[in-house]
Chemist: 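The structure is given below, and queries will be raised subsequently.
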Amino acid sequence: MYYNEEIETMDRESLRRLQSERLVHIVRYTYENVEFYRKRMDEAGVKPEDIRSIDDISKLPFMQKQDLRDYYPFGTFAAPMKDIVRFHASSGTTGKPIVAGYTQHDLDCWSEGVARCLTAYGATKEDIIQVSYGYGLFTGGLGAHDGASRIGASVLPTSSGNTSKQIMLMKDLGSTVLCCTPSYALFLAESIENDPDTSPSDIKLRFGAFGAEPWTENMRKELENKLGIKAYDIYGLTEVSGPGVGGECECQDGTHLWEDMFFPEIIDPVTLQPVKPGEQGELVFTTLTKEGMPVIRYRTRDLTHLIYDKCRCGRTMVRMARIMGRSDDMLIIRGVNVFPSQIESVILEIPEFTGQYFVTVDRVNNVDTFQVDVELRPEYYGDAMGKMLRLKDRLVGRLVSVLGIRPEIRIVEPNSIARSQGKAKHVLDKRIMNP
Amino acid sequence: MIIKQLSIFLNNEIGRFTEVTRILAEAGVNLQAFTLSEVSDFGILRLITDNNEKAIAILQENSYAVSTTDVVYIELPDRPGTLAKSIQKISDAGISVEYMYAFSQGNTASVVIRTDDVRQCNDVISK
Ligand SMILES: [Zn+2]
């Protein structure tokens with residue numbers, strides 16, 4: 001099922017023409033309205049008239065999160081305040097957040113993106129959609145909410161937290177769709193398992209739309225098994241729009257990006273040159289329709305690759321492979337690049353472990369230490385020490401072959417690794433605190 | 001005879017062991033014997049108690065991973081050589097011992113033995 005069949009299945013030549021038209025417009029619009037873009041383009045020696053088609057995009061300068069911070073709060077806004085109807089802000093852990101402003105047209109494009117995703121998963125107006133993303137400045141809650149409203153579904157805006165109430169409402173109202181972060185979904189699934197008053201048949205969920213943090217194929221299997229659902233990726237970021245920049249289809253074989261609105265490129269994060277089609281690198285977005293706070297060649301720091309082959313679902317929109325890390329989450333340990341997502345996917349391959357993990361990196365006598373705490377499923381804790389040590393060896397062996405570096409594994413007591421309710425926090429790099 | 005032993009998984013951190021003994025003492029469970037074996041990251045505390053059911057309930061309530069294991073329990077007169085004789089019987093029968101621990105109770109010594117085949121071990125020793 002398509003929400004917007006004409007666009008979602010448009011032939012690539014027509015799509016390129018549409019993208020070209022829109023790029024020419026957005027470049028002129030930002031050049032004329034925003035000092036930041038004018039200055040950047042002038043510095044790069046590019047004029048709006050140099051941009052004639054989407055192929056010219058590589059002439060334009062990049063921008064990144066720091067630019068949005070430097071021009072906080074309104075420096076990259078292109079529309080006058082009278083046309084801005086909503087703000088959102090990213091969860092900055094330090095300093096000023098990133099503030100995004102949306103016009104009504106921006107909100108309409110955003111909700112259309114989410115509506116396309118929900119429809120691709122199979123949602124209709126018959127569904128009860130439980131939105132367990134946080135509501136407020138975070139784009140997750142209201143973003144999913146508006147998309148669910150747009151397809152006419154019944155929205156249950158539980159927001160995040162208060163897990164027992166979430167489960168009660170999920171049962172009593174018979175929610176059929178769950179929207180939240182994958183780590184919170186896992187937390188909910190475990191809470192349901194441990195809840196003596198809830199049996200799996202009380203849960204009516206058909207599928208979940210999970211996003212706002214990277215997750216793995218194994219996590220998908222775990223969520224699908226535990227909740228008895230199909231688990232789909234929904235992708236987005238506040239700087240570009242919010243959730244619904246793209247989403248998976250029923251094929252679960254890559255996340256379609258709605259490239260009529262959000263044009264993706266992949267660049268080499270070091271040389272900043274576009275990579276060959278299909279190669280991995282950093283994802284860069286240009287918003288083709290945004291009015292409030294457009295971005296042009298915005299570096300997401302997400303590492304992935306793009307698949308341009310037509311999907312079995314009939315959509316022509318490009319697919320993004322799973323995000324395998326963030327260029328700035330990357331840990332360099334003893335000179336080796338390590339992504340927490342790699343560690344996670346290895347742990348989830350071995351069913352005796354819960355998939356919860358915590359990485360501690362430190363430096364002792366000028367040597368990096370690399371420790372990973374893991375938990376066993378309750379039934380694998382026992383009297384036989386040898387059995388547990390063999391499991392540990394198996395995990396170490398797999399990690400060494402995937403990461404190319406040997407971590408110190410610690411099996412810890414059950415439920416002793418903190419479950420995250422929002423963006424999962426899995427790493428403590430003590431080298432940053434004691435340089 | 002064959003009895004049930006409790007095995008508790010503990011993070012290898014100062015205070016975890018004391019914490020368990022405190023929880024059990026507060027619940028009125030008496031420890032008849034215990035042994036702690038550790039590797040670098042974790043330990044297994046093995047306990048013989050006078051009330052396993054209560055011990056399991058209170059430990060699980062405190063989120064400990066606790067399991068039960070069958071072990072062979074023997075009481076021997078506290079005299080040199082008696083333990084050696086029993087061990088000889090076990091090894092003659094070709095049974096391999098995973099671990100054992102002993103404790104003294106006045107005039108007798110008690111020994112807990114865990115083997116791959118607990119039933120066979122118990123038969124051999126009782127002969
Ligand atoms: Zn598809």
Side-chain angles (χ1 to χ4, degrees), chain A residues 163 187 190-191 193-196 343 347 350-362 364 369-397 399-400 406-419 428, chain B residues 2-20 23 33-49 52 55-57 59-73 96-101 112-118 121:
Chain A
T163 303
F187 180 77
E190 286 181 1
S191 308
E193 265 181 357
N194 296 332
D195 179 356
I343 300 174
I347 295 170
I350 305 181
E352 287 88 343
F353 293 98
T354 60
Q356 297 290 338
Y357 69 101
F358 191 83
V359 178
T360 311
V361 185
D362 201 353
V364 178
T369 62
F370 175 23
Q371 178 183 303
V372 183
D373 289 355
V374 291
E375 286 172 8
L376 292 173
R377 290 182 194 284
E379 61 270 33
Y380 295 102
Y381 288 97
D383 181 58
M385 191 167 247
K387 235 186 232 171
M388 287 188 271
L389 292 176
R390 277 195 296 280
L391 277 174
K392 185 165 122 170
D393 286 346
R394 217 167 109 206
L395 181 58
V396 171
L399 284 169
V400 169
R406 176 176 295 268
E408 188 72 37
I409 296 290
R410 278 200 333 175
I411 296 178
V412 298
E413 290 170 23
N415 297 309
S416 62
I417 297 174
R419 264 60 172 169
L428 175 63
Chain B
I2 296 174
I3 60 163
K4 298 273 182 204
Q5 164 199 267
L6 301 186
S7 304
I8 300 147
F9 181 95
L10 294 180
N11 287 350
N12 203 348
E13 285 161 10
I14 296 167
R16 292 309 277 167
F17 170 60
T18 337
E19 175 76 10
V20 169
I23 288 169
F34 67 84
T35 179
L36 180 64
S37 44
E38 295 162 285
V39 288
S40 60
D41 51 338
F42 65 84
I44 295 175
L45 177 61
R46 301 186 170 111
L47 303 176
I48 307 294
T49 78
N52 280 349
I56 291 171
L59 287 169
Q60 280 178 342
E61 202 172 288
N62 285 276
S63 313
Y64 284 95
V66 47
S67 56
T68 56
T69 315
D70 285 338
V71 289
V72 176
Y73 175 88
S96 68
V97 173
E98 282 174 36
Y99 56 80
M100 59 185 289
Y101 50 101
V112 174
I113 308 171
R114 167 71 190 174
T115 65
D116 49 359
D117 189 333
V118 174
C121 176

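Reminder, nothing fancy here: chain letters follow the sequence lines and each chain counts from 1. On a predicted model such as this, the values are computed, not experimentally measured, just so you know.
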Chemist: Measuring only between side-chain heavy atoms, which start at C-beta, is A/Met388 closer than 4.5 Å to B/Ile44?
Modeler: yes
Chemist: In chain order, what residues pass the salt bridge (Lys or Arg N to Asp or Glu O under 4.0 Å) check against B/Glu38, with sequence neighbours excluded?
Modeler: none
Chemist: I'd like to check the ring pair (Phe, Tyr, Trp, His ring centres under 6.0 Å) partners of B/Phe34; sequence neighbours left out, ordered by chain and number.
Modeler: B/Phe17
Chemist: Verify, without hydrogens or angle tests, whether A/Arg377 (side chain) and A/Pro351 (backbone) share a donor-acceptor contact under 3.5 angstrom.
Modeler: yes
Chemist: Could you name each residue pair satisfying side chain to side chain donor-acceptor pair (under 3.5 Å) that touches residues 386-396 of chain A, not counting sequence neighbours?
Modeler: A/Lys392-B/Asp41
Chemist: Is A/Leu376 in contact with chain B via its backbone, its side chain, both, or neither, using a 4.5 Å heavy-atom distance?
Modeler: neither
Chemist: For A/Asn415, which atoms come within 4.5 Å of any heavy atom of chain B: side chain, backbone, both, or neither?
Modeler: neither
Chemist: Of the backbone (N, CA, C, O) and the side chain (C-beta and beyond), which part of A/Pro378 lies under 4.5 Å from a heavy atom of chain B, both, or neither?
Modeler: neither
Chemist: Considering non-hydrogen atoms only, spot the tightest contact between A/Val400 and A/Pro407 and give its length.
Modeler: CG2-CD, 4.4 Å
Chemist: Counting only non-hydrogen atoms closer than 4.5 Å, can you tell me which residues of residues 9-16 of chain B sit against chain A?
Modeler: B/Phe9, B/Leu10, B/Asn11, B/Arg16
Chemist: Against the six-membered ring of B/Tyr101, is B/Arg46 placed for a cation-pi contact (under 6.0 Å from the centre, within 45° of the normal)?
Modeler: no
Chemist: Is B/Thr68 in contact with chain A via its backbone, its side chain, both, or neither, using a 4.5 Å heavy-atom distance?
Modeler: neither
Chemist: Measuring only between side-chain heavy atoms, which start at C-beta, is B/Tyr64 closer than 4.5 Å to B/Ile23?
Modeler: yes
